[in-house]
Number of protein chains: 2
Amino acid sequence: MGLTKTEIFTEEQNRLAVMLKAIAHPARIAILQEIIKSNTCICGDLVNDLGLAQPTISQHLKELKNAGLIQGTIEGVSVCYCINPPVWNELQDQLSGLFNSFSVKADCC
Amino acid sequence: MGLTKTEIFTEEQNRLAVMLKAIAHPARIAILQEIIKSNTCICGDLVNDLGLAQPTISQHLKELKNAGLIQGTIEGVSVCYCINPPVWNELQDQLSGLFNSFSVKADCC
DNA sequence: ATAGTTAATCGTAATATTGCAATATAAAGT
DNA sequence: ACTTTATATTGCAATATTACGATTAACTAT
């Protein structure tokens, strides 16, 4: 019915899914790459760099912020965004766990 | 308009987004974890293990397969799924690249 | 105060996703 | 051939996502 049955999964699975969903869009990947590249946090520059309208960028930033992956600080008339290390590391750790649990086995299909 | 403007992003950004979207759901995370744990590939067991209906599981498996992350082989009456190492490694490499490009800086907001 | 700049929010249209009942397909056993 | 078992497909309802024009909020500068 359009809504995920979160109650049947573990807290960890749901957390990871939320963080991944935040990253699972080319615009948000591009935004993160931009923020990381210009480690001095940017903001309205994203509207110029990517070819998306201002409300669209603002919405993508909001989703990244809701997932906790970035944080924004008001700086005069503009807003400065940057990576939020704790959650960024949490995502990295969760993914490491997932990838490390797999190794190629011979008895596979 | 509900559809992503893929044409304004790089091929890499779009590829990564597709793979991430495939993983960005608790049910599909759970499926991947199950497949990895029982390295001997399973299938209808997923319907019993997770609390989702058979068509729903089948659909999630299809999405993972479309993204190339898993592969399915018909084995008599049932189907055996397992990780598809090339794409799995591609995802791991792309994510490593993203995470390695970031390091905590002092001059942030 | 007024004007300019920057970003968030609202409202809306188009499309995608999630989940499942019902049905179809396909192989295996009787 | 018929039944059982296992999975895929279809169709549908509920909800979510994507994108943007229009507007609002908030701070700065004149």
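Proteins get letters first, then strands, A, B, ... in listed order; numbering begins at 1 in each. Everything numeric here is computed off the predicted structure, so don't read it as measured data.
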Item checked: Most 5' of B:Asp45 and A:Glu63 on DNA chain D, judged by nearest nucleotide -> B:Asp45
Next item on the list: Nearest-nucleotide wise, let me know which of B:Phe9 and B:Gln59 is further upstream toward the 5' end of DNA chain D.
Entry: B:Gln59
Check: So which one's nearest nucleotide on DNA chain C is more toward 5', B:Ala27 or A:Val79?
Finding: A:Val79
Notebook entry, point to check: For A:Gly44 and A:Thr6, take the nucleotide of DNA chain C holding the closest heavy atom to each; which residue's nucleotide lies nearer the 5' end?
Noted result: A:Gly44
Whole-Å distance separating the [atom1] atom of [X] from the [atom2] atom of [N]:
X: A:His25; N: C:dA16; atom1: NE2; atom2: C1'; answer: 11 Å
X: B:Leu64; N: C:dT17; atom1: CG; atom2: P; answer: 13 Å
X: A:Asn48; N: C:dT5; atom1: CG; atom2: C1'; answer: 13 Å
X: B:Leu52; N: C:dA21; atom1: CG; atom2: P; answer: 11 Å
X: B:Leu61; N: C:dT17; atom1: CG; atom2: P; answer: 17 Å
X: B:Asn66; N: D:dT9; atom1: CG; atom2: P; answer: 10 Å
X: B:Lys65; N: D:dA8; atom1: NZ; atom2: C1'; answer: 9 Å
X: B:Lys62; N: C:dT18; atom1: NZ; atom2: P; answer: 13 Å

Note to self: Are the side chains of B:Leu16 and B:Phe9 in contact, using a 4.5 Å heavy-atom criterion?
What the structure shows: no
Next item on the list: Look at A:Glu12 together with A:Arg15 and state whether they make a salt bridge at an N to O cut-off of under 4.0 Å.
Entry: no
Should [X] be listed as having a side-chain N or O under 4.0 Å from OP1 or OP2 of [N]?
X: A:Lys21; N: D:dA16; result: no
X: B:His60; N: C:dT17; result: no
X: B:Tyr81; N: D:dA6; result: no
X: A:Thr56; N: D:dC20; result: yes

Is the backbone N or O of [Y] less than 3.5 Å from a side-chain atom of [X], with the two atoms forming a donor-acceptor pair by type?
X: B:Asn84; Y: B:Gln71; result: no
X: B:Arg28; Y: A:Ala17; result: no
X: B:Asn14; Y: B:Thr10; result: yes

Next item on the list: Might you point out which heavy atoms bring A:Ile74 and A:Gly76 nearest each other, and give the distance in Å?
Entry: CG2-O, 3.7 Å
Item checked: Summary of protein contacts for nucleotides 22-30 of chain D, nucleotide by nucleotide, where a base hit scores B, a sugar-phosphate-only hit scores S (4.0 Å, heavy atoms) -> B----BS--
Notebook entry, point to check: Heavy atoms under 4.0 Å, any strand shown: does A:Ser58 hit a base, just sugar-phosphate, or nothing?
Noted result: base
Check: What is the nucleic acid contact for A:Ile57, judged by heavy atoms within less than 4.0 Å: base, sugar-phosphate only, or nothing?
Finding: nothing
Next item on the list: Measure up the A:His60 and A:His25 rings against each other and bin them: parallel (under 30°), tilted (30 to 60°), perpendicular (over 60°).
Entry: tilted
Margin query: Does the plane of the ring in B:Trp88 sit parallel, tilted or perpendicular to the ring in A:Phe102? Use 30° and 60° as the thresholds.
Written below: perpendicular
Margin query: Of the options D:dC20, C:dT15, C:dT6, whose atoms approach the side-chain atoms of A:Ser78 most closely?
Written below: C:dT6
